[in-house]
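Both counts, for ligands and for their atoms, begin at 1 and track the order of listing.
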Amino acid sequence: MMLGQTRILRGSRKAAGGAAAPLAKSGPRPVVVRPGLHTAPQQSHLVHTKPTVVVRSSATADKASISQTNGVEQSTSPSVYSFGNLNVEEAYDLERNDWKTTSLSVVVVGASGDLAKKKIFPALFALYYEGLLPEEFHIFGFARSKMTDAEFRNMIAGTLTCRIHARENCQEKTEKFLERCFYSAGQYDEAASFQTLNGRMGEVEVACGKPRSNRMFFLSIPPNVFIAAAGGAADFCSTKTGWTRVIVEKPFGRDSASSAALGRGLAAHLREDQIYRIDHYLGKELIENLTVLRFSNLVFEPLWCRQYIRNVQITFSENFGTEGRGGYFDTYGILRDVIQNHLLQILALFAMEPPVSLAAEDIRDAKVKVLRSMAAVRLEDTVLGQYRSRAVAGGKTLPGYLDDKTVPPGSLTPTFAACAMYINNPRWDGVPFLLKAGKALHTRRAEIRVQFRHVPGSLYKHKFGPDLDSATNELVIRIQPKESIYLKINNKVPGLGLQLDTTKLDLQYQAAYKAAELPDAYERLLLDVVNGDKRLFIRYDELEAAWELFTPLLHEIESRKIAPELYPYGSRGPVGAHYLAAKHSVRWGDLANDDDDL
Ligand code: NDP
Ligand code: BG6
């Protein structure tokens, strides 16, 4: 790395005092900073000095520690999240940021919304807290709601939590972070609103003293205003002295045609290299680990093919319904909301051929190739479900999907779907990939389950009885909760005689890495955007290939008004899913009782 050039390294997390330290430790619960603790200044449209907040305790070390942590080129101490001495910077061929001369402005468009409050501000704070944002960064909220800077800061303060105990500067860090937050109200389709925002950003950037600025926009708004807002940001708020990047949240259209229209709309204002299409499942720890698991362990890659793998199951379940998001959900349904993006992305990463390198374009080339080797999903290989109400103890009733007031009466939108897909290439020919996702099921869980073939000519066959399937090896990658990777193996029960048992080689993240809490997916992905690392973002041709697999099915379901099978809230989903699995000679592994204790 050249002198004066720094990048923020993923995996090198620095603690508040500048010393590298594990981010999360077991111990006291994180402190939640509540709104109303901070007295913020009056909003000014001419900010030449940094705003101040009333600091409740005497904190003087923060500024120094921030610049130390951001001037650092590489962490020298091990962190729970870094892998040995792997130099992330060299591994991925990335554009370099020069934070000595450049500031970073992050604009959250739709700053008053659910996602901004729930995920984006907490993730930005976590990055700041760990010293992973540049010395001079600023956050701008933009939305139609009227708010002063002070009100905006109070709103954000209500969303922030510190991962470690308050004695480790939580309060001071929070206040320093909030000082960097500004708000500008405006309309998403109005040039003047973005010009005002641009003026405000310029003032703050000039006041911070860095001659250059990089700007990133997070479009956290409903799809109907995506293109207008992307245009406003690109046309009126692009920086003249650095890069401008725009993060777009799913849904990326409703089918191939609408996705193409969205793509054209964005392309009218932005180059493809400026667009970051987020699929937050790709930012989850175990999904990022997939390529490491597969390509850096001799024991896995040789088995990763049709000769040894019988089927692959990628499943997502939530133990709550659409509560509060029924309006949005009803226009999309579970196939578009979860399967066509989150689960299909996992499938592509899981099944791709080894990429030429770890560079973003090589990984995305490999993913696109898998998607293009797949046939579109057929209705006969799909099961649809919708949750209905269920009476529970105490005279209470758990509401059905149609009981949600934001859902149109009689809606046929599926809240559950399972489908079987095949990859037509030499590695995976004939191996069923079963994708299943549902809301209001019995548990919250996301995982990949790989069922291996039976041992040919097994000497112990007689010990397993007629049900050989239950005695085959199974690799489970538990994405959430309780992140873990385990391999089910057959073992001799210790003692005299010969009794066999199925047990687990078990890697529980919490125990192995002493990590009480892993970074949220949005932290990883936001940091990637800062670093210009596109490995975990979806390229346009990937999106096109993904829509081609689901568009015919979606159109058929809608034109034929296919009624979903009802399942009770809190159940294991519709019975049809079992028939689907049986048709493809698969048994759902996640429904086996022995896994419920994990
Ligand atoms: P919200 O519905 O909360 O909308 C965000 C903001 O957009 C609102 O605060 C509102 O701000 C503005 N807005 C809302 N409706 C309209 C409208 N019809 N026309 C113009 N502006 C509107 O969305 P979320 O925060 O939940 O999600 C943002 C984006 O992220 C969406 O695309 C969503 O699909 C996606 N997403 C959300 C997830 C979540 O968990 N919430 C998860 C994954 C993706 P104001 O009125 O102040 O302008
Ligand atoms: C979103 C979906 O993309 O992912 C939601 O729109 C779903 O319906 C959510 O609840 C699940 O994300 P996570 O990270 O909580 O598993």
* **K284, R325, Q480: member with heavy atom nearest to atom 14 (O) of ligand 2** => K284
Give the residue and atom name of whichever protein heavy atom lies nearest to [atom], and the separation in Å to one decimal.
| atom | value |
| --- | --- |
| atom 7 (C) of ligand 2 | E318 OE2, 3.4 Å |
| atom 4 (O) of ligand 2 | H280 CE1, 3.3 Å |
| atom 15 (O) of ligand 2 | R444 NH2, 3.9 Å |

* Any N/O pair K119/ligand 2 closer than 3.5 Å -> no
* What are the atoms of ligand 2, with element, lying closer than 4.0 Å to any heavy atom of K439? ->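 Once the distances to K439 are compared, the set is 5 (C), 7 (C), 8 (O), 10 (O).
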* Structure fact -> Near H342 (heavy-atom distance under 4.0 Å), the atoms of ligand 2 are 1 (C), 3 (O), 4 (O)
* To do: Could you name the protein residues that come within less than 4.0 Å of ligand 1, counting only heavy atoms, and order them by chain and residue number?
  =>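 Correct list: S112, G113, D114, L115, K118, A143, R144, S145, Y188, S220, I221, P222, N224, V225, E249, K250, P251, R325, Y328.
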* **Location of contacts on Y281 toward ligand 2, heavy atoms closer than 4.0 Å** =>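 Just the side chain.
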* Euclidean distance, T244 OG1 relative to N214 CG, rounded to 0.5 Å ->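 OG1 of T244 is found 8.0 Å from CG of N214.
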* For the residue pair Y401 and Y387, does the interplanar ring angle fall in the parallel (under 30°), tilted (30 to 60°) or perpendicular (over 60°) class? -> perpendicular
* To do: Check for a donor-acceptor pair, side chain of W588 on one end and backbone N or O of A577 on the other, with a separation under 3.5 Å.
  => yes
Test: [X] cationic atom under 6.0 Å from [Y] six-membered ring centre, within 45° of axis:
| X | Y | result |
| --- | --- | --- |
| K534 | Y276 | yes |
| R444 | F316 | no |
| R478 | Y486 | no |

* Does D337 come within less than 4.0 Å of K250, counting only side-chain N to carboxylate O? -> yes
* Asked: Charged N to carboxylate O under 4.0 angstrom, D590 versus R449?
  -> no
Donor-acceptor contacts under 3.5 Å from residues 222-236 side chains, at least two apart:
from: D235; atom 1: OD1; to: H269; atom 2: ND1; distance (Å): 3.2
from: D235; atom 1: OD2; to: H269; atom 2: ND1; distance (Å): 3.0

* Asked: F121 pairs by ring pair (Phe, Tyr, Trp, His ring centres under 6.0 Å) with which of F152, Y183, Y522?
  ->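 It is F152, the one option of F152, Y183, Y522 that forms the ring pair (Phe, Tyr, Trp, His ring centres under 6.0 Å) with F121.
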* Strictly under 4.0 Å, does any heavy atom of D337 approach an atom of ligand 2? -> yes
